[in-house]
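In what follows, a single structure is set out as structure tokens and then discussed.
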Number of protein chains: 2
Amino acid sequence: MFNVAILGATGAVGQTMIKVLEERNFPIDNIKFLASERSAGKEIEYYGMKYKVEPVSEEAFEGIDIALFSAGGERSKKWAPVAVSKGAIVIDNSSAFRMENDVPLVVPEVNPEDVKWHKGIIANPNCSTIQMVVALYPIHQRKKIKRIFVSTYQAVSGAGATAIEDLEMETKARFEGKYYYPKALPTHIAFNVIPRIDNFEPNGYTKEEMKMINETRKIMHAPDIKVSPTCVRVPVYIGHSETVVIETEEPITVEEAREILSKAPGVILEDDPFNNVYPTPIEVAGKDDVFVGRIRKDTAFDNGLSMWIVADNLRKGAATNAVQIAELLIKYQLIKK
Amino acid sequence: MFNVAILGATGAVGQTMIKVLEERNFPIDNIKFLASERSAGKEIEYYGMKYKVEPVSEEAFEGIDIALFSAGGERSKKWAPVAVSKGAIVIDNSSAFRMENDVPLVVPEVNPEDVKWHKGIIANPNCSTIQMVVALYPIHQRKKIKRIFVSTYQAVSGAGATAIEDLEMETKARFEGKYYYPKALPTHIAFNVIPRIDNFEPNGYTKEEMKMINETRKIMHAPDIKVSPTCVRVPVYIGHSETVVIETEEPITVEEAREILSKAPGVILEDDPFNNVYPTPIEVAGKDDVFVGRIRKDTAFDNGLSMWIVADNLRKGAATNAVQIAELLIKYQLIKK
């Protein structure tokens, strides 16, 4: 049994982490909910009991075995080393440490063994990247992937609780003939799509897009794989969708891909177009798996496949993956009690 | 001055055709609004005058010079030959004749001269295809394009007036905690995305996707160009968006592409990411041009570019393009009066 702390417990991902820990009966001795001063004092329910959110501090990590962080990059940079110095292992959902050489970046279905070389911090990857590699890695193991073209349809919950409010408030305002300008998104989101997630880098790609390039390579141990991403926000609450085209070194048939994915860990194949079966975000919200449909031979590559990948960005894209990493620590006996 | 008939005058595209004819001061002598028996009798305003919609019939095309059709493929198949037999030139917005060898498929910015070999019917291309070729053809003329990867974010108005109602009604129902199932769309559209537009072909692609492959080749006179499309419906009323990656035969820089597109007919470059400038459907709705932003070097091809293309699907994607074709008939003196 372990002592667990959640930093950012009141956020969209933090709330989902609490649900996922409950659902999976994670072996918890004591649990502690931490947040910034602003959110401290709020009440959180866990297994029917009410807990007060405590302000994060050095002392708060005393005796903690596992600390799940989802409070943004700045807080992670500040508090992760503190938690580690107190003996905790930090599983961090921010991008702060993901590309550090001494920090494993882990998707349990892809590179579980990487948790073994952690030095106190294990990074949880970007949501769009997680669902893509869960679906592509099993294919890559059988038929090496050379190039990936991905366009995302990302839910507002990926930008946090305020962005969820933005979608709700702006949509209602439109119906009432009123004007509302989003607080957490770069432009209008009601009945609109936005080709920008996070800030732009000098090369014209957004940080979100660069994450998809760099994190995919690190997680899949495939430094040469080429990734061409465009990340787009859509007016959906929960569930990221992706159109993905891959070019493989050798030919691969649709039947082979379906067979591989039907046995792949964490993947649910929902691919029967003639019976109108393909995943959509509304149906996938609240589920922990990665859903794949519309697998077909690509029309632009000799050795290529097209597909459609959907997952709950708060669950597999964040909270569930983080809790799965914590479960790996127990499985590999990297943490004791 | 010409006698013009609009078949499907009460539909989403038909209504926009009327607006566009007014805005462009198309030289009209008499105008006639036609529709199925169901819509006949409705009133339509044109230049401040009220007109009754007439039921379509053989006699209705008597004396008509130009007939703009937007009433679905079945009605086009039935009535286009009739209108032609009465001496009209039909500009047809359905997919009924687009791939016929003796029917030109025309985007005025790309292949205007093709109107010259018409035999009575000229086809107006698919909405998603029009906006893509307007942006890509000027690049293709300078640096031959080998492959195109496109993912669409298509507005519900592309599926007609009932689909517009579906988005409105289902979104409102969600806010009221009620259940609504769309009538004109294959599954839920409120706060959801649907990776299916039109029916599936045996190869797993939808008809909409096959249109993007086949029509692009015909319009651009590029039978060898490879197109890999995924067409997705999003909860947007008006304005289709597209992520597009191209591979060119020779290298092309972002600067070259921007220079080409800044001078391209029918294209507006809105590409200044560091000042948060890129097109989105809400801003583009009601405009006649094709808007391009987020041009950047592609990260998966040596000779490649990524970009974001947005246009009003009812205007440039349908009505405006059809009226521009009618204007070409006058310009090339293919029609007299």
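Chain letters run A, B, ... following the sequence lines, proteins first and then strands; every chain starts at 1.
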Which of [options] touches chain A most, by non-hydrogen pairs under 4.5 Å:
options                        : value
B/H188, B/E283, B/E168, B/R196 : B/R196
B/S151, B/G239, B/A285, B/P279 : B/S151
B/I238, B/V310, B/I282         : B/I282
B/A190, B/P281, B/P195, B/S228 : B/P195
B/V234, B/T187, B/I194, B/V232 : B/V232
B/T152, B/I148, B/I225         : B/T152

Self-check item: From CA spacing to verdict: side chain to side chain contact (heavy atoms under 4.5 Å, CB included), A/T171, B/T171
Solution: CA-CA 9 Å; A/T171 307; B/T171 308; 3.6 Å; yes
Contacting moiety of [X], where chain B heavy atoms sit under 4.5 Å:
X      : answer
A/F200 : both
A/P229 : both
A/K146 : neither
A/A155 : neither
A/V227 : backbone
A/S306 : side chain
A/S241 : side chain

Using a heavy-atom distance cut-off of less than 4.5 Å, which residues of [range] contact chain B?
range                       : value
residues 213-220 of chain A : A/I213
residues 288-303 of chain A : A/R294, A/R296, A/K297, A/D298, A/T299, A/A300, A/F301, A/D302
residues 242-258 of chain A : A/T243, A/V245

Quiz item: Is B/N192 reaching over with its side chain to a backbone N or O of A/V236, donor-acceptor style, under 3.5 angstrom?
Solution: no
Quiz item: Side chain, backbone, both or neither: which part of B/D271 has a non-hydrogen atom closer than 4.5 Å to chain A?
Solution: neither
Quiz item: Is there a side-chain contact between A/F149 and B/T230 (heavy atoms, below 4.5 Å)?
Solution: no
Quiz item: Please, which pairs that meet ring pair (Phe, Tyr, Trp, His ring centres under 6.0 Å) have at least one residue in residues 220-250 of chain A, sequence neighbours excluded?
Solution: A/Y237-B/F191
Quiz item: Among A/N203, A/N199, A/V156, A/L167, which has the most heavy-atom pairs under 4.5 Å with chain B?
Solution: A/L167
Quiz item: How close do A/F274 and B/P202 get, heavy atom to heavy atom, and via which atoms?
Solution: CZ-CA, 3.9 Å
